[in-house]
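Here the structure comes first, spelled out in structure tokens, and everything after it is commentary.
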Amino acid sequence: MSDQMAERGTLTTPPKTGHPRAVPQEEPWPGVTDPARLLAEIASWLRGYGNHGTRRTYAEGLGLPTGATGLRDWLEAPDTTGPWAAAVGEYAATLGLAGNVARHGTDRSTPRPPPGTPGRLRGLHWFRWCAERGTDPLTARSDDVKRWLDALDDADAAIATRDRFLGTLKALYGHLADAGLVAANPAALNRRRLGLRTSGHTSSTVTLTTAQVRALYDTAAHRRRGVSLLAARRTQAIVGLFTLGLRVSELCALDRADTHVTRGRRALRVTGKGDKPRIVYLSDPAESALTAYLRERDATTGSASVAITPAGRRAAGTGPLIANLRGGRSDRTGVWDTLRRLARAAGDPLADVADRMHPHALRHFYVTTAVEAGAQVVHVQADVGHTSVDTTEQVYNSAARDPSRSAVDLVADAFLPPPSAG
């Protein structure tokens with residue numbers, strides 16, 4: 001099958017025998033029950049990365065179109081208000097291609113399978129591999145991912161290539177899990193057991209130093225030109241809350257009524273994955289930043305100040321704990337953008353990671369810093385809501401934990417030492 005035919009929209013994917021077959025252009029994206037929603041979340045995930053080049057690299061590694069020609073072949077619906085047309089437009093804008101994508105003007109309204117990307121592994125990129133088998137990516141299981149990796153191995157894909165593909169897939173499904181589109185991450189596999197990593201392999205996750213997190217916090221505390229006091233307070237509150245090990249979806253879902261005092265300590269009621277609640281105690285820097293933000297927000301909007309209440313009582317007031325600048329609930333993309341802008345504004349300390357800044361980097365910072373500071377791993381797992389806590393997790397989730405069993409102060413002290421006397 002020629003590259004020219006692939007560019008015209010014909011899907012070439014390898015069947016289980018390893019030989020390519022052609023799927024007619026009229027066939028919808030096989031196996032995907034809600035293509036528009038899936039593509040919209042993919043676009044949202046890609047926007048979490050700082051530049052178009054990185055976004056295109058990840059999209060291409062998944063088997064998605066990354067050029068104007070492929071997108072024109074993918075977009076066949078004439079209805080500009082339809083959900084698929086809107087999703088393709090959002091995806092194109094994410095890759096910086098929105099102005100180059102024009103419709104063919106046909107009367108078909110079904111999405112096409114992802115157009116091919118260059119290279120001999122074209123048909124083995126994840127979404128095209130799923131399309132060949134009629135597998136809905138949103139119901140894929142770990143066994144499907146393992147079979148896909150076996151197919152890549154059979155095609156003599158290098159270990160580094162398979163590791164990179166799996167890493168991209170794991171990051172995407174982590175986002176889809178946070179968004180509630182999948183129940184679990186099927187790509188969260190042990191790479192060492194799969195032969196993709198050696199014992200000396202270093203994680204590709206951005207690992208922030210205490211100095212870098214301090215730079216983020218301090219930069220947010222100082223108003224910059226063109227940034228309102230409310231926006232600055234909001235940004236610092238976001239950084240402060242992320243140093244507690246929160247997921248971005250958890251932060252966005254918090255309401256003002258989720259603040260309270262339990263066992264003599266200010267805390268948040270956080271609902272994690274699987275609707276599992278947990279108590280997250282506020283560190284001094286997180287509480288200070290959050291209090292300053294809420295005070296400024298109330299002063300700006302004219303609302304009455306909301307105090308953190310004792311245990312058993314809900315905080316006064318309603319609405320999101322961290323609002324966007326229009327007063328509505330913050331979303332993941334907006335929070336990512338805020339962190340990236342802040343990282344760029346921080347200058348040299350974060351220059352090498354600014355375009356890769358992601359909320360998970362701060363969650364990763366919490367875990368690694370707490371463990372290195374001497375916190376028991378089981379306490380850290382309870383703090384961040386990891387599901388890998390077995391019987392111990394039941395003990396910690398049965399009631400609010402004592403503050404001494406939380407690592408929030410260890411992390412706070414690491415990046416924001418208390419001021420000197422006088």
Side-chain angles (χ1 to χ4, degrees), residues 42-61 66 90-91 93-97 164 167-168 170-172 174-175 178 202-252 285-286 289 293 322 324-325 330-369 411-412 414-416:
I42 291 171
S44 176
W45 168 68
L46 289 172
R47 286 195 297 274
Y49 299 95
N51 59 66
H52 292 141
T54 300
R55 297 173 187 177
R56 292 180 189 178
T57 297
Y58 287 155
E60 185 175 76
T66 57
E90 182 181 355
Y91 172 79
T94 299
L95 298 186
L97 299 170
R164 176 168 52 86
T168 300
K170 181 181 178 182
L172 170 61
H175 171 87
D178 282 344
T202 301
S203 172
S204 60
T205 302
V206 174
T207 302
L208 299 173
T209 66
T210 55
Q212 288 175 319
V213 175
R214 177 64 185 265
L216 276 177
Y217 189 87
D218 288 346
T219 301
H222 295 89
R223 288 183 64 183
R224 302 176 300 283
R225 181 177 299 178
V227 177
S228 68
L229 181 58
L230 175 61
R233 293 283 186 265
R234 174 182 180 271
T235 300
Q236 191 177 32
I238 288 173
V239 174
L241 292 176
F242 273 138
T243 64
L244 306 179
L246 298 180
R247 297 178 176 93
V248 63
S249 58
E250 294 169 346
L251 183 146
C252 293
Y293 161 66
I322 302 295
N324 59 35
L325 296 181
S330 297
D331 60 23
R332 296 182 302 275
T333 300
V335 171
W336 284 337
D337 290 341
T338 296
L339 284 180
R340 284 199 302 271
R341 288 195 299 268
L342 181 63
R344 295 188 190 106
D348 290 343
L350 289 113
D352 60 335
V353 298
D355 285 341
R356 295 182 292 133
M357 179 57 63
H358 189 281
H360 188 72
L362 286 164
R363 180 171 164 85
H364 183 74
F365 165 81
Y366 182 89
V367 174
T368 56
T369 304
V411 175
F415 83 93
L416 192 66

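The distance from atom CZ of R332 to atom CG of L251, rounded to the nearest 0.5 Å, is 12.0 Å. Atom CG of L216 is separated from atom CZ of F365 by 9.5 Å, given to the nearest 0.5 angstrom. Taking CD1 of I42 as the start and CD of E90 as the end, the distance is 11.0 Å to the nearest 0.5 Å. Atom OH of residue Y58 and atom OG1 of residue T66 lie 15.0 Å apart, to the nearest 0.5 angstrom. Of the inter-residue distances, the one linking Q212 atom CD with L362 atom CG reads 10.0 Å to the nearest 0.5 angstrom.
By the 4.5 Å heavy-atom criterion applied to side chains, F242 and V335 are counted as neighbours. Counting heavy atoms from C-beta outward, Y293 and I322 have side chains that approach closer than 4.5 Å. Counting only heavy atoms from C-beta outward, the side chains of H175 and H360 never approach each other to under 4.5 Å. With a 4.5 Å cut-off on side-chain heavy atoms, N324 and D331 do not count as touching.
Considering every non-hydrogen atom in both C252 and S330, the closest pair reads CB-O, 3.4 Å. The minimum heavy-atom distance linking Q236 with A221 is given by the pair NE2-CB, 3.2 Å. R56 and G96 make their closest contact through NH2-O, 4.0 Å (heavy atoms, listed as atom of the first residue, atom of the second, distance). Nearest heavy-atom pair across A286 and L241 is CB-N, 4.5 Å. The minimum heavy-atom distance between R340 and A354, with the atom names listed, is CG-O, 3.9 Å. Of all the heavy atoms in P349 and A215, the pair that sits closest is CB-CB, 3.9 Å.
Take D218 and apply the salt bridge (charged side-chain N to carboxylate O under 4.0 Å, His left out) test, not counting sequence neighbours, and it matches R214. Looking at residues two or more places apart in sequence or on another chain, you find no salt bridge (charged side-chain N to carboxylate O under 4.0 Å, His left out) involving R363. Every residue two or more places apart in sequence or in another chain was checked for a side-chain hydrogen bond (donor to acceptor under 3.5 Å, both in side chains) with R164, and none qualifies.
Remark: the backbone N or O of G240 is paired with a side-chain donor or acceptor of T243 at under 3.5 angstrom. At least one donor-acceptor pair closer than 3.5 Å links the side chain of Y217 to the backbone N or O of P285. Between the side chain of R55 and the backbone N or O of T94 there is at least one donor-acceptor pair closer than 3.5 Å.
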Review point. What do the steps show when you test L46 against L172 for side-chain contact (heavy atoms from CB on, under 4.5 Å), and what is the final call?
Key: CA-CA 8 Å; L46 289 172; L172 170 61; over 6 Å; no
Check your understanding: For M357 and L208, what are the C-alpha separation, side-chain angles and deciding distance, and is it a side-chain contact (heavy atoms from CB on, under 4.5 Å)?
Key -> CA-CA 9 Å; M357 179 57 63; L208 299 173; 3.8 Å; yes
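Crowding of D348 atom CG: a count of heavy atoms from other residues, nucleotides or ligands under 6.0 Å not exceeding 12.
A donor-acceptor pair shorter than 3.5 Å cannot be found between the side chains of R341 and T235.
Classification of the H358-W336 ring pair by plane angle, with boundaries at 30° and 60°, yields tilted.
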